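Report on one structure; see the data block that follows.
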Amino acid sequence: MALVTTKEMFKKAYNGGYAVGAFNINNMEIIQAITEAASENKSPVILQVSAGARKYAKHAYLMALVEAAVKDTGIDLALHLDHGEDFEICKACIDGGFTSVMIDGSKHNFKDNIEITKKVVDYAHAHGVVVEGELGKLAGVEDDVNVSEDDAMYTNPEEVEEFVTKTGVDSLAIAIGTSHGAFKFKGEPRLRFDILEKIAKLLPGFPIVLHGASSVIPELVDEINAYGGKMDGAQGVPEVMLRRAASMAVCKINIDSDIRLAFTAGVRRVFAKEPEVFDPRGYLKVAREEVKKMVTHKIANVLGSNGKA
Ligand code: G3H
Ligand code: 13P
Ligand code: ZN
């Protein structure tokens with residue numbers, strides 16, 4: 001088994017009306033939790049690495065851990081750079097063994113976004129790597145790029161065809177009302193499915209990506225708050241909306257915040273209930289189990305990717 005690109009995964013997901021989960025990785029426990037859940041549920045999976053994760057864990061460590069996960073679980077998986085902000089970081093990940101990169105040119109104007117995205121696509125495709133681009137801005141924090149809510153800009157469907165044709169990207173992240181982090185909506189959650197529908201009509205068969213797609217699982221938030229955390233008002237994308245997106249043109253659903261919540265809930269529970277524990281394995285093991293449980297739930301109930309590997 002091996003590291004693969006997302007090409008086949010997306011083709012099957014598009015035709016099958018489900019989505020592949022792209023889970024952010026930062027350490028060994030998270031990698032084990034995601035890949036074991038994917039393996040046990042026979043689900044395709046994407047592991048994604050942000051610039052922050054590369055800084056925290058270092059490229060070489062993450063790469064070695066991911067290769068170990070492939071050996072240990074026997075599954076095919078894609079290794080993806082999340083929110084690459086320039087050509088250099090994309091090149092480093094392509095040269096360093098990733099099978100997929102995102103060039104996030106959404107902070108640039110349309111013309112410059114096309115230019116930088118095309119430069120990455122040319123290099124990536126010459127090395128057998130696929131590329132995700134982004135059109136439109138998500139509210140919230142995109143790695144180093146801060147986008148205020150006032151700036152939040154939905155993807156303009158009229159731009160997508162030109163963007164995809166001129167850049168040659170393999171998939172496209174769009175903005176339809178999701179945002180990063182655990183505080184996504186102040187009032188009622190609302191996604192612009194009309195924009196997604198328009199884009200799907202304009203680009204039949206083309207894989208769309210949804211960022212900021214954690215559901216911010218209320219039970220996990222409650223548990224964190226019950227054991228001394230402070231996450232009042234946390235709210236994510238309702239699972240029924242994610243399921244609907246997955247049945248449409250959305251082939252990749254990005255999840256990071258739910259991993260953080262599951263991990264933190266596990267650690268807090270051990271600290272609160274077993275204050276005598278000071279062996280890190282005691283609480284990291286529980287955190288890993290919580291993440292695995294959460295990923296298993298997503299695969300079966302939100303993504304619909306179980307049994308599709
Ligand atoms: O899109 C953002 C992801 O949740 C990654 O977050 O930059 O803190 O690793 P990070
Ligand atoms: P969440 O913060 O909703 O988990 O989104 C993660 C993401 O989009 C990573 O690129
Ligand atoms: Zn994102």
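Every number for a ligand or one of its atoms is a count from 1 in the order of the listing. Everything quoted here is computed from the prediction, not taken from an experiment. Throughout, numbering of the chain's residues begins at 1 and tracks the sequence.
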### Task
Considering the heavy atoms of N24, write down every atom of ligand 1 situated less than 4.0 Å from one of them.
3 (C), 5 (C)
### Query
How far is atom 3 (O) of ligand 2 from its nearest protein heavy atom, and which residue and atom name does that atom have?
K184 NZ, 2.5 Å
### Message
Here's a test for you: under side-chain contact (heavy atoms from CB on, under 4.5 Å), which of K298, H211, Q48, R260 qualifies with I255?
### Response
K298
### Message
Within ligand 2, which atoms have a heavy atom of G181 less than 4.0 Å away?
### Response
2 (O)
### Message
Under a 4.0 angstrom heavy-atom cut-off, which atoms of ligand 2 come close to H83?
### Response
10 (O)
#### Entry: Residue and atom name of the nearest protein heavy atom (relative to atom 8 (O) of ligand 2), distance in Å to one decimal
G212 N, 2.8 Å
### Subset of ligand 1 atoms that lie under 4.0 Å from at least one heavy atom of H180
1 (O), 2 (C)
Considering only distance and modelled atom types, tabulate donor-acceptor pairs under 3.5 Å from the side chains of residues 58-69, sequence neighbours left out.
unit_1	atom_1	unit_2	atom_2	d
H59	ND1	R54	NE	3.1
H59	ND1	R54	NH2	3.4
H59	NE2	G96	O	3.0

### Query
Between R269 and E290, does at least one N-O distance fall below 4.0 Å, as a salt bridge requires?
yes
### Task
Just need the protein heavy atom nearest to atom 9 (C) of ligand 2, so name the residue and atom and give the distance.
D82 OD2, 3.1 Å
## Note on the structure
min-distance protein heavy atom vs atom 7 (C) of ligand 2 -> H180 CD2, 3.3 Å
#### Entry: Distance filter under 4.0 Å to D82 heavy atoms, resulting ligand 1 atoms
1 (O), 3 (C)
## Note on the structure
Near D256 (heavy-atom distance under 4.0 Å), the atoms of ligand 1 are 3 (C), 4 (O), 5 (C), 6 (O)
#### Entry: Shortest-distance N, O or S atom of H211 relative to the Zn ion (ligand 3)
ND1
### Query
Can you list the atoms of ligand 1 that are under 4.0 Å from a heavy atom of H83?
1 (O)
### Query
So, D170 versus H125: side-chain donor-acceptor pair below 3.5 Å or not?
yes
